[in-house]
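These notes are about the structure you will find just below.
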Number of protein chains: 2
Amino acid sequence: MRPENAKTRRKPRADSLRNRERLLEAATQIFSAGGPQASLEAVARQAGVGIGTLYRHFPTREALFEAVYRHEVDLLGELAEELAHEDDPVEALRKWLQANVRLVATKKGMIEALQLVAHGSSDLKAYSFERMTNSIGLLLDRAVAAGEIRSDVPPEDLLRTLVGIFYSQGTTDWQPTALRLVDVFVDGLRKR
Amino acid sequence: MRPENAKTRRKPRADSLRNRERLLEAATQIFSAGGPQASLEAVARQAGVGIGTLYRHFPTREALFEAVYRHEVDLLGELAEELAHEDDPVEALRKWLQANVRLVATKKGMIEALQLVAHGSSDLKAYSFERMTNSIGLLLDRAVAAGEIRSDVPPEDLLRTLVGIFYSQGTTDWQPTALRLVDVFVDGLRKR
DNA sequence: TGATAAACGGAGGCATCCTCCGTATAAATA
DNA sequence: TATTTATACGGAGGATGCCTCCGTTTATCA
């Protein structure tokens with residue numbers, strides 16, 4: 001068989017794909033525990049892979065961090081799609097927001113990491129803003145359509161509120177507060 | 001002459017004081033250019049001092065950073081006191097706020113550094129919050145007393161607004177925007 | 001002018017960063 | 001299936017940074 005077009009490409013090697021996955025998973029753990037300046041060699045070790053392999057897949061620390069972040073955002077997006085099939089739309093929205101809080105809370109290093117994003121690649125910012133807005137919109141629209149909550153709060157505002165809740169909370173043990181604030185806010189969205 | 005009290009203390013050595021000064025100055029430059037994780041050995045080099053000397057004066061990176069930050073806050077405090085002798089109180093206020101913008105703008109690494117403070121020692125937070133609030137109060141009160149601006153904006157609110165202006169601005173070339181916002185805000189404070 | 005408390009500098013041991021390249025292996029080809 | 005070859009792998013190695021330790025220097029005090 002001849003090449004399909006000018007750009008002859010082999011199928012990517014299976015080990016390459018596998019290693020990429022492993023690195024991403026390891027990086028999520030290591031960054032979560034140690035913040036965004038954690039050792040990359042630790043990431044490679046955790047992934048059971050040579051340091052060279054890490055650098056081939058992710059040439060810079062930022063590239064790796066970006067990939068991890070994108071992955072997390074994608075997971076939240078998938079969660080939103082699952083929750084969109086739940087019976088109670090308001091509950092679904094609440095659960096998704098709480099999942100956000102838990103995500104950030106569990107991975108304490110992520111807070112610092114998020115602040116780097118705030119000053120980093122605007123590609124990444126645009127991507128995650130859109131993806132997150134869509135996720136919220138999905139859940140919000142359903143609840144609005146069901147006539148259960150008010151219709152004058154756009155998804156962007158809800159996203160910004162969420163970020164505000166994260167940012168305002170300083171150090172330790174803020175998770176309960178954040179969860180409460182989410183609760184209050186969702187209740188506030190309810191039609192009376 | 002006998003010791004004045006139980007805690008006999010020699011006069012601190014002149015070279016010690018001098019080196020401390022030099023380190024502080026060097027650290028301000030290095031951190032400004034390279035952000036809060038810049039090399040401490042570079043700081044020592046820049047100060048013309050051994051690395052051991054740096055560590056004796058500032059046992060941790062945070063200690064050094066804290067000292068730099070305190071120093072900057074103190075400088076702003078002194079500037080406020082100077083400006084309090086200017087003829088036009090509203091202009092004085094405006095100048096002080098603009099000095100803040102310029103300080104942060106010139107020292108781009110400081111932005112990241114500030115974010116660390118936000119999650120760091122609450123001693124430092126308390127100190128700088130008070131010192132900054134006082135500086136603003138000094139200038140604000142004079143302008144209020146002169147009957148030139150409204151009296152229902154407390155210094156704390158102005159400080160938070162300032163921080164908000166810094167935080168909202170993302171990456172490059174935000175200085176003009178920030179200066180404009182300060183202008184708008186000061187004009188808004190004026191009685192009509 | 002000594003005596004001495006205090007400060008100095010930088011070598012040294014360890015960790016991390018990132019590059020480079022010989023080796024290994026999965027996909028393509030025959 | 002056997003061979004070829006593009007691709008990926010791993011980790012040694014040189015550079016840099018962190019921080020400690022301690023022999024040497026020096027400013028104060030008497």
Side-chain angles (χ1 to χ4, degrees), chain A residues 1-27 29-31 33-68 109 112-113 116, chain B residues 1-27 29-31 33-68 109 112-113 116:
Chain A
M1 205 206 261
R2 284 265 141 255
E4 313 262 311
N5 57 28
K7 298 226 163 227
T8 307
R9 291 261 146 256
R10 280 192 171 189
K11 188 161 49 159
R13 282 174 55 157
D15 52 352
S16 174
L17 262 49
R18 194 169 0 103
N19 282 335
R20 199 193 151 82
E21 269 324 293
R22 284 184 183 171
L23 280 167
L24 226 42
E25 195 177 331
Q29 288 183 37
I30 300 283
F31 282 153
Q37 73 287 322
S39 154
L40 295 190
E41 314 220 323
V43 172
R45 269 196 302 275
Q46 167 93 3
V49 135
I51 185 68
T53 300
L54 184 153
Y55 276 97
R56 200 168 327 95
H57 282 287
F58 306 100
T60 67
R61 176 182 294 271
E62 281 65 38
L64 176 56
F65 179 64
E66 225 186 280
V68 168
E112 283 172 69
L116 285 193
Chain B
M1 204 204 263
R2 282 267 141 254
E4 313 263 312
N5 58 28
K7 298 225 164 231
T8 309
R9 290 259 147 255
R10 279 193 172 187
K11 189 160 51 160
R13 281 174 55 156
D15 52 352
S16 175
L17 263 47
R18 195 170 358 104
N19 282 335
R20 200 194 150 83
E21 269 322 292
R22 284 185 183 170
L23 279 167
L24 227 42
E25 195 176 332
Q29 287 183 38
I30 300 283
F31 282 153
Q37 73 287 326
S39 153
L40 295 190
E41 313 220 325
V43 171
R45 270 196 301 277
Q46 168 92 3
V49 136
I51 185 67
T53 300
L54 184 152
Y55 276 96
R56 200 168 327 96
H57 283 288
F58 307 100
T60 68
R61 175 182 295 270
E62 281 64 38
L64 176 54
F65 180 64
E66 222 184 284
V68 168
E112 283 173 69
L116 284 194

Q.
Within this structure, what is the OG1-CG distance for the pair B/T60 and B/L40, rounded to the nearest 0.5 Å?
A. 9.0 Å
Q. Looking only at heavy atoms, which two atoms of A/I30 and A/A42 are closest? And how far apart?
A. CD1-O, 4.2 Å
(Q) Output the rounded distance in Å from NZ (A/K11) to P (D/dA8). (A) 14 Å
Q: Would you mind reading off the distance between A/F58 atom CZ and D/dC9 atom P, rounded to a whole angstrom?
A: 11 Å
Q | Closest nucleotide among D/dT28, D/dC18, C/dC18 to the A/Y55 side chain | A | C/dC18
Q: Check the distance between D/dT20's P and B/R61's CZ and give it to me in whole angstrom.
A: 13 Å
Q: Grab the CZ-C1' distance between B/R22 and C/dA7 for me, whole Å please.
A: 14 Å
Q: Measure the spacing between CZ of B/R22 and CG of B/L17 and express it to the nearest 0.5 Å.
A: 12.0 Å
Q) Please give, in whole Å, the distance from D/dT28 C1' to B/L17 CG? A) 13 Å
Q) Measuring from A/R20:CZ to A/L54:CG, what's the distance to the nearest 0.5 Å? A) 11.0 Å
Q) Between C/dC8, C/dC17, D/dA8, which nucleotide has the shortest distance from any of its atoms to the side chain of A/S16? A) D/dA8
Q: Using a 4.5 Å cut-off on heavy atoms from C-beta on, say whether the side chain of A/R61 contacts that of A/P36.
A: no
Q.
So A/P12, base contact, sugar-phosphate only, or nothing? Heavy-atom distance under 4.0 Å.
A. sugar-phosphate
Q | A/Q37 versus B/Q37, side-chain donor and acceptor atoms under 3.5 Å | A | no
Q) B/H57 has an atom NE2; how far is it from atom P of C/dA6, in whole Å? A) 14 Å
At a cut-off of 3.5 Å, list every protein nitrogen or oxygen paired with a nitrogen or oxygen from nucleotides 2-6 of chain D, distance to 0.1 Å.
from  : atom 1 : to    : atom 2 : distance (Å)
D/dT5 : O2     : A/R10 : NH2    : 3.2

Q.
Is it true that, when you exclude B/Q46 itself, more than 12 heavy atoms of the residues, nucleotides or ligands shown sit nearer than 6.0 Å to its CD?
A. yes
Q | Shortest non-hydrogen contact from A/N19 toward A/V49 | A | OD1-CG2, 3.3 Å
Q. What is the distance, rounded to the nearest whole Å, between atom CG of A/L40 and atom P of D/dG10?
A. 16 Å
Q: Evaluate the side chain to side chain contact (heavy atoms under 4.5 Å, CB included) criterion for residues B/L64 and B/F31: first the C-alpha distance (whole Å), next the side-chain angles of each, then the deciding distance (0.1 Å), finally the verdict.
A: CA-CA 10 Å; B/L64 176 54; B/F31 282 153; 4.0 Å; yes
Q: List the protein contact pattern of nucleotides 9-15 of chain C with one symbol per nucleotide (5' to 3'): B for base contact, S for sugar-phosphate-only contact, - for none; contact means a heavy-atom distance under 4.0 Å.
A: BBB----
Q.
Measure CZ/B/R20 against P/C/dA6 and give the value in whole Å, please.
A. 17 Å
Q: Using the closest heavy atom to pick a nucleotide of DNA chain D for each, name whichever of A/D15 or B/R18 lands nearer the 5' end.
A: A/D15
